[in-house]
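Each chain gets a letter, A, B and so on, in the order its sequence line appears, and its residues count up from 1.
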Amino acid sequence: MHERTSATGSREPDAPVLEVTDLAVEFMTRSGPIRVVEEVAFRVRPGEIVGLVGESGSGKTVTMMSVLRLVPPPGRITAGRIIVDGTDVRSLSRDGMRGLRGSAVALIPPDATAALNPVVKVGDQVMEGVRSHRPQVSEAEARTLALEMFRRVGLPRPEQRLRRYPHELSGGMQQRVLIASALQMAPRLILADEPTTALDVTIQAQILRLLLAVRDEFGTAILFVTHDLAAVAEICDRVLVMYSGRLVESAPVADLFGQPLHPYTRALMASIPPLSADPPDRLQTVAGAPPEPGSWPEGCRFAPRCDLRTQLGGPDVCTTSQPPLVEVRPGHHAACHFATSEAGVRAATDLAATVEEAEAVVLPESVQPGGAA
Amino acid sequence: MARYALQRILLALPLLFGLSLLVFFYVRIIPGDPVTAMLGVQANPDLVARLRAQYGFDEPILDQYLMWLGNVLQGDFGISFRSRQAVAPIIVDRIPATLQLMLGGLFVSLVVAIPFGIRAGMKYRQRSDTVISTITLVGLGSPGFWLGTILMVIFALVLKWLPSQGYTPFTQDPVASIRYMILPSVAIGLVGAPFLVRVVRSTVVEIMKEPFVPYADARGLREQVIFWRYIIRNLLPQFVVVLGVLVGALLAGSVAIEALFNWPGMGRIFIGAVTERDYAMIQALILVYGVIFVVINLIAEIAQAALDPRIRLK
């Protein structure tokens, strides 16, 4: 089994739990490999919640699944280093990898209903996780641990819930079961893949608060993959924005919403419907569609949809050279040739005001994490 | 669960009623009159009329049906036109042989189909799947009597390993009984196996696509746990239902195989009864086949509910 240092282990306490460097993922097709993720690099520190946002097909889920080396076929990690808690994931054996999955790194999948085995009681499903990783744990000990975790994630009457089949629980409760299952091995990192998309809005809020509580209580770092910027604003410390397989912006959450430096990030934010009394006649969208992997344009991949570029009169540099992700301000990285241009800064400041207003009403304060879903 | 079982049993009753209607009227629809069949076309019209009256063929059809049904419920299936003997004891004598052959065929089907079906499903569109699926396709196109003939030629005539014809009751001499049943069982089983391979394969493919399988992988569960608890455990409820259907196919296949291997089951007298228009015998046999089929499927449905908690609720 995979050995790992505990939170207070010999390594320096602030060493990142996840460090991804120069990650590239390709899908092997008959007409050759297609790159879906490239040059992705980021870190997640202990206890940090990092949001990874982008449209469908931007490569965010592929990036996240790379950490577990579970990119669905025909996808393959072709370059880069992935270090989880000091362990180089790409060099692990099959068994070593299995020891890491569900133990040091736990996954919370998007659709709890589909992720649970329909013909096995949820208690048994949670218990089989511990028993798979630690065969010496007795059935009774595993049950005690599962009960404890059910309590911690706010499942009412946990003894009864253990004996329920998945279809006998609501969607919110199913998601709590998965979170309990993820927590029982005390992972250093949780990968949460759109953990709230399949849920009602009020339940979404409860689950988000639960994730926050999990971080605060267990000190677990969370990589939170979502396309829901409101959820990001609510729980994340830092945000990574992906577009067409590359990171285009990375910043602490306050900085990102305070001054979004990349035109794509701004377009995403502008498409959040305002929560003012008068709904707009038309919802704002990011114009155009993201390019298909394999047919990415030369230069900046967002250039064809970029309104900043239009404002600037279509400078050639956008379509000839790929902008690197550079630190524009302390801790705030962006991949745009004109991140600090006058027009760009103006757009960022204008938008920030609207977003601040939206953020304030995202979650009603009355929703508490411990409540029944 | 008990409620579900009871509900299924109650639902089977109208099915059996429908079966009785079908059996009775189906035989009446077949052209040719049993009395004519018995006496020949040039028979004395007076004699024909007398016999028709004796068997009740001149009564209104509904009365005939009710009388027949009443008798059947009391275990009286009528008199065979051919042998002039009661039908019921003849059939009862032959049920064990047919059931034995069916179990043998079922066993062969399962032993062949389960491992290959699962293998093909788990290696979907990989080489072992292609090989298995191709052989399956050939198997699907091979009729039982043809397979049986080939088996008989190879193992009985050329190699002389097994007897080509005959039967010994299991209770009398188990070893001889099994030697006799091997070839016909394999012939029937190989007819059912390709069908079962296909169903198992596609079910496994569907299960492998369910998000709970990759999620189990992401939890670092051991491979045996994923195989038994996720794949096989989810395959079972659907598998038992297919078994019910398979038994029907095996029963149908057994008619030809019994004739081929001179196996003294219901199938052999069935063929004779049809050619001789032995109404009472045909009716009784179809009814017995039908009841076996309904009962097996009833058991399969109840077993499915026991294996899948989602069905019990309905």
Trainee: For chain B, which candidate among A:R98, A:M65, A:R69 shows the most heavy-atom pairs at distances under 4.5 Å?
Mentor: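 Looking at each option in turn, the highest pair count goes to A:R98.
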Trainee: Check each atom of A:R131 against the heavy atoms of chain B and say whether the ones under 4.5 Å are side chain, backbone, both or neither.
Mentor: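 Contact with chain B: backbone only.
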Trainee: Output the residues of residues 221-247 of chain B for which the shortest heavy-atom distance to chain A is under 4.5 Å, in residue-number order; output 'none' if no such residue exists.
Mentor: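 Listed by number: B:L221, B:R222, B:E223, B:V225, B:R229, B:Y230, B:R233, B:N234.
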Trainee: Report, as yes or no, whether the 6.0 Å neighbourhood of atom CZ on B:R198 holds more than 12 heavy atoms from other residues, nucleotides or ligands.
Mentor: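 It does not: B:R198 CZ has 12 such atoms or fewer within range.
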Trainee: Determine which pairs satisfy salt bridge (charged side-chain N to carboxylate O under 4.0 Å, His left out) with at least one residue from residues 120-140 of chain B, sequence neighbours left out, and list them in order.
Mentor: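 As it turns out, the salt bridge (charged side-chain N to carboxylate O under 4.0 Å, His left out) pairs with a partner in residues 120-140 of chain B, which skip direct neighbours, are B:D129-B:R201.
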Trainee: Tell me which of these, A:V105, A:L68, A:L107, has more heavy-atom pairs under 4.5 Å with chain B than the rest.
Mentor: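 Between A:V105, A:L68, A:L107, the count favours A:L107.
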Trainee: By a 4.5 Å heavy-atom criterion (distance strictly below it), what part of A:S181 contacts chain B: side chain, backbone, both, or neither?
Mentor: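 The answer is the side chain of A:S181.
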Trainee: Heavy-atom cut-off 4.5 Å, strictly under: side chain, backbone, both or neither for A:R94 against chain B?
Mentor: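 It is the side chain, since no backbone atom gets that close.
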Trainee: Side chain, backbone, both or neither: which part of A:A106 has a heavy atom under 4.5 Å from chain B?
Mentor: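 No part of A:A106 comes within 4.5 Å of chain B.
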Trainee: Which bit of B:Y215 is near chain A, if near means a heavy-atom gap under 4.5 Å: side chain, backbone, both or neither?
Mentor: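 Contact with chain A involves the side chain of B:Y215 alone.
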Trainee: Please classify the contact between A:L178 and chain B as side chain, backbone, both or neither, with a heavy-atom cut-off of under 4.5 Å.
Mentor: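 Both the backbone and the side chain of A:L178 come within 4.5 Å of chain B.
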Trainee: Tell me if the CZ atom of B:F116 is crowded by more than 12 foreign heavy atoms within 6.0 Å.
Mentor: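 Incorrect, the count does not exceed 12.
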Trainee: Only pairs at least two apart or in different chains count here, so list each side chain to side chain donor-acceptor pair (under 3.5 Å) that has a residue in residues 10-19 of chain B.
Mentor: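 For residues 10-19 of chain B, and leaving out neighbouring residues, there are no side chain to side chain donor-acceptor pair (under 3.5 Å) pairs at all.
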Trainee: So if I take each residue of residues 118-127 of chain A and look for any heavy atom under 4.5 Å from a heavy atom in chain B, which residues do I end up with?
Mentor: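 Hits under 4.5 Å: A:P118, A:V119, A:V120, A:D124, A:Q125, A:V126.
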Trainee: Under the criterion side chain to side chain contact (heavy atoms under 4.5 Å, CB included), which of A:R101, A:M185, A:E128 is the partner of B:R219?
Mentor: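 The residue from A:R101, A:M185, A:E128 that satisfies side chain to side chain contact (heavy atoms under 4.5 Å, CB included) with B:R219 turns out to be A:E128.
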